[in-house]
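Everything on this sheet refers to the single structure shown next.
Indexing begins at 1, ligand by ligand and atom by atom, following the structure's order.
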Amino acid sequence: METMKEYIEDAEKALLHTYNRYQVVLDKGEGVYLYDIEGKKYLDFCAGIAVFALGYHNQKYNDALKAQIDKLIHTSNYYYNVPAIEAAKKLKKISGMDRVFFTNSGAEAVEGAIKAARKYAYLKDGCTDHEIIAMEHSFHGRTYGALSVTGNPKYREAFEPMIGNIRFAQMNDFESVVSQVTDKTCAILFETVQGEGGIYPAQEAFMKRIRALCDEKDILLILDEIQCGMGRTGYMYAWQKYSVKPDIMTTAKALGCGVPVGAFLMTEKVGMHSLTSGDHGTTYGGNPLAAEAVNIVLDLFEENHIIDNVKEVGAYLEKELDALVEEYDCVETRRGAGLMQGLVLNRPVGTIITSALDKGLILINAGTNVIRFVPPLIIGKEHVDEMMTILRACLKEEME
Ligand SMILES: *Cc1c(COP(=O)(O)O)cnc(C)c1O
């Protein structure tokens with residue numbers, strides 16, 4: 001077998017260099033731990049970027065997927081399949097939305113949401129110059145539609161022109177949103193908790209005022225729950241905490257716990273007055289294997305009381321991280337909800353994350369100065385303690 005170093009050399013010759021990867025080749029997982037190909041063990045507070053909610057090597061999850069592989073993997077959307085029907089019914093139940101379209105990724109769910117909003121507005125007035133308001137520091141994905149509403153000019157610059165008629169406002173600043181509204185506005189789009197942009201939760205008053213504004217002007221509210229959804233904040237979807245229901249929402253990441261699947265969902269009102277036969281499609285989206293992943297994930301969320309665990313361990317993680325603000329001069333504040341937390345430092349966090357990796361802890365950043373904590377949702381307090389011991393050692397090193 002090749003050594004880790006040799007594999008990494010091979011990788012750098014074969015894979016397109018779009019990532020500065022950490023110098024680790026991961027091999028297998030068990031619960032909340034990952035192992036590299038040389039057998040080194042890591043406590044995982046990244047979960048494949050908020051994906052692997054149920055932890056690794058969950059036997060029921062694996063068995064359900066294996067059974068589906070033996071039965072039927074793909075059919076195309078020209079035909080019905082039972083796993084997709086069951087998964088759509090379950091998604092409706094947990095979200096309170098009415099119509100589901102399965103996609104293969106988060107970005108693709110965002111694309112669908114944008115198309116649905118534009119079609120809804122088009123059906124009202126026959127015009128094609130409608131505008132969407134998105135937020136600064138947002139992240140919605142790398143495809144053209146999703147990139148066009150991503151509030152990070154660095155990601156967009158080389159790839160201009162974007163899709164047109166997008167305006168940007170400030171998250172949690174209602175007046176800045178109002179200042180971008182015109183009679184062409186068809187949708188307001190944001191993440192209920194901004195993830196990549198630095199873990200900024202939407203404030204309740206902001207959510208409520210945006211909802212009222214949308215109702216008044218028949219603007220669609222689109223909430224991107226790709227990262228903050230699926231129980232991560234202690235609610236199945238983060239907006240459920242505020243009782244502010246979107247007209248369209250997106251979900252992905254933990255939805256399939258590693259099998260690539262996403263969805264955009266809408267209310268009946270939007271469903272009846274937007275995308276219709278021939279307007280949108282996907283070859284793979286909601287195929288039996290991906291849909292069965294959604295089914296087993298949602299079943300196991302219930303069986304394992306995932307939401308209760310997030311509430312309990314999330315509160316504990318908050319308390320522990322808050323203590324660091326007092327202890328270390330370089331730690332400015334903590335932001336987040338449940339098991340989606342950001343520790344804000346007064347400096348870039350890259351060296352701390354690399355040092356944590358050396359010490360057997362997987363962390364990621366969210367922007368330059370924020371350490372992001374998005375562990376599997378099955379972690380216990382003992383794992384928080386284990387993480388804190390390593391993190392303290394890294395912070396101490398950083399301050400020396
Ligand atoms: C990850 C993410 C996306 C993009 O999802 P992909 O599956 O990578 O395309 C979109 N929105 C948010 C909020 C995300 O965190």
NZ/NE/NH1/NH2 to OD/OE distance under 4.0 Å, [X] and [Y]:
X	Y	answer
R211	D215	yes
K92	D98	no
K115	E111	no

(message) Under a 4.0 angstrom heavy-atom cut-off, which atoms of ligand 1 come close to Q227?
(response)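 Atoms satisfying the 4.0 Å criterion: 15 (O).
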(request) List every atom of ligand 1 that sits less than 4.0 Å from any heavy atom of S105, numbering the atoms from 1 in the order shown and giving each element. (result)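 Heavy-atom distances to S105 below 4.0 Å select 7 (O), 9 (O).
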(message) Quick test: of every protein heavy atom, which one is nearest to atom 6 (P) of ligand 1, and how far off is it to 0.1 Å?
(response)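 Protein heavy atom at minimum distance: G106 N, 3.5 Å.
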(message) Tell me the protein heavy atom at minimum distance from atom 11 (N) of ligand 1, and give that distance in Å.
(response)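 Going atom by atom, the protein heavy atom closest to atom 11 (N) of ligand 1 ends up being D224 OD2, 2.8 Å.
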(request) Assess the pair H383 and Y316: is the distance between their ring centroids shorter than 6.0 Å? (result)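 Centroid separation for H383 and Y316: 6.0 Å or greater.
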(request) Answer with side chain, backbone, both or neither: which part of A107 has a heavy atom less than 4.0 angstrom from an atom of ligand 1? (result)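 The answer is both.
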(request) Answer yes or no: are there more than 12 heavy-atom neighbours, outside K217 itself, under 6.0 Å from its atom NZ? (result)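 Open.
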(message) Test your reading of the structure: does G141 have an N or O sitting under 3.5 Å from an N or O of ligand 1?
(response)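 Looking only at distances, the answer is no, because the N/O contact criterion of under 3.5 Å is not met.
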(request) Could you name the option among E196, E191, K253 that has the heavy atom nearest to atom 15 (O) of ligand 1? (result)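 Heavy atom nearest to atom 15 (O) of ligand 1 belongs to K253.
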(request) Give the C-alpha distance, both sets of side-chain angles, the deciding distance and a yes or no for side chain to side chain donor-acceptor pair (under 3.5 Å) between Y42 and D36. (result) CA-CA 8 Å; Y42 303 85; D36 69 24; 2.7 Å; yes
